[in-house]
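For reference, the structure is listed below as structure tokens.
Note that the structure is predicted; figures quoted are calculated from it, not measured. Below, chain A is the first sequence line, B the second, and so on; all start at residue 1.
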There are 2 protein chains.
Amino acid sequence: MSKYRNSCLIRGDGGRAIRGILDRIGDKWTLLVVATLDGERMRFTELQQRIPGISQRMLTRTVRHLERDGLVSRTAYAEVPPRVEYELTAMGRTLIGPAVKLAEWAVDKNPDIEQSQAAYDSEHRG
Amino acid sequence: MSKYRNSCLIRGDGGRAIRGILDRIGDKWTLLVVATLDGERMRFTELQQRIPGISQRMLTRTVRHLERDGLVSRTAYAEVPPRVEYELTAMGRTLIGPAVKLAEWAVDKNPDIEQSQAAYDSEHRG
DNA sequence: CGGGATCCCCAACGATACTG
DNA sequence: CAGTATCGTTGGGGATCCCG
């Protein structure tokens with residue numbers, strides 16, 4: 001079970017795959033929106049309330065992108081006042097796993113990283 | 001082994017963990033540099049040659065950030081001409097696993113995503 | 001309620017030139 | 001060889017106002 005050099009999957013086609021996914025989820029809000037929709041169908045306003053700090057504009061843009069990528073489905077009801085609900089598609093749900101792996105890494109290593117940063121900073125400008 | 005709602009790890013502290021890691025690896029080159037250094041100690045120029053398209057400036061910045069985070073170690077030899085070698089630290093190596101998971105997802109889903117994008121585009125401006 | 005349109009800022013990025 | 005310095009472009013993101 002050699003774990004070495006499976007990073008070829010990352011470098012793969014010159015990094016196009018990784019570049020693609022990071023362009024997709026590497027921004028400020030996308031993964032938060034996906035995680036917030038995990039297991040729950042939700043309206044625009046509720047989504048916004050559950051993601052502190054996100055503006056209407058950025059939430060709109062983010063769910064549009066996700067809808068275009070087929071990761072989120074949007075359902076508009078012909079009512080007054082209007083009602084729109086969002087939920088993860090089957091494909092969108094498959095993103096949760098890998099994303100959680102990354103989040104686990106982040107939570108686990110964050111203390112070490114911050115310590116390394118502090119050491120680097122104090123050393124590189126005494 | 002319920003897999004539902006483990007996305008709480010992503011939303012966690014209002015998304016600070018995910019935000020942190022995406023600020024770290026979400027840029028254009030970081031993951032490519034890490035993947036290229038996987039299992040191999042390497043000089044600056046060799047690193048640059050193996051990453052098509054990266055400029056000196058961006059490679060320098062990227063390895064500096066990685067060094068500051070403790071994910072890459074930098075060794076300069078007091079020679080003429082100068083020689084500097086980079087390699088992943090133990091902590092840097094632990095990033096490969098989660099990153100590969102994401103790359104696998106990207107490679108696997110990319111066709112579906114591109115198809116969804118095409119359908120969306122043709123539908124939203126006939 | 002769920003957006004769209006507009007304006008503005010700034011950090012990421014690329015290209016080029018220079019240096020110990 | 002392995003950088004640093006400088007310039008210009010680009011697009012992510014925030015704020016605000018308007019609309020069906």
Nearest-Å distance for atom pair OH/P, residues B:Tyr77 and C:dG20 = 25 Å
message = What I want to check is whether the side chains of A:Thr36 and B:Arg11 have a donor and an acceptor closer together than 3.5 Å.
response = yes
task = With DNA chain D as reference, determine whether A:Pro82 or A:Gln56 sits nearer its 5' end, using the nearest nucleotide of each.
result = A:Gln56
task = Let me know the distance between CD1 of B:Ile51 and C1' of C:dG14, rounded to the nearest Å.
result = 16 Å
ask   = So do the side chains of A:Asp69 and B:Gln117 get within less than 4.5 Å of each other, counting heavy atoms only?
value = yes
request  = Please check the phosphate of C:dG3 (OP1 and OP2 only) for any side-chain N or O of A:Arg64 closer than 4.0 Å.
outcome  = yes
ask   = A:Leu47 has an atom CG; how far is it from atom P of C:dG2, in whole Å?
value = 10 Å
task = Validate the cation-pi geometry between A:Arg61 and A:Trp29: distance from NZ or CZ to the six-membered ring centre under 6.0 Å, angle to the ring axis within 45°.
result = no
inquiry  = Below the 4.0 Å mark, does D:dC1 have OP1 or OP2 next to a side-chain nitrogen or oxygen of B:Tyr86?
reply    = no
ask   = B:Ile54 CD1 to C:dA15 P: how many Å, rounded?
value = 12 Å
ask   = Rounded to the nearest Å, what distance is computed from the CZ atom of residue B:Phe44 to the P atom of nucleotide D:dC1?
value = 11 Å
ask   = In terms of side-chain geometry, is the basic nitrogen of A:Arg68 or B:Asp121 positioned less than 4.0 Å from the acidic oxygen of its partner?
value = yes
query = When the distance from NE2 of B:His124 to P of C:dG4 is rounded to whole Å, what number comes out?
reply = 11 Å
request  = May I ask you to decide whether B:Arg43 forms a salt bridge with B:Glu85, counting only side-chain N to carboxylate O separations under 4.0 Å?
outcome  = no
key: Verify same cluster id: B:Leu88, B:Met42 (apolar side-chain graph, 4.5 Å)   = yes
query = Whole-Å distance between D:dA2 C1' and B:Met42 CE?
reply = 16 Å
request  = Using a 4.0 Å cut-off on protein heavy atoms (strictly under), produce a 5'-to-3' string for nucleotides 6-13 of chain D with B for base contact, S for backbone-only sugar-phosphate contact, and - for none.
outcome  = B-----SB
request  = Check the distance between C:dG4's P and A:Leu59's CG and give it to me in whole angstrom.
outcome  = 11 Å
message = I'd like to know if A:Glu40 and A:Arg50 make a salt bridge, using a cut-off of under 4.0 Å between side-chain N and carboxylate O.
response = yes
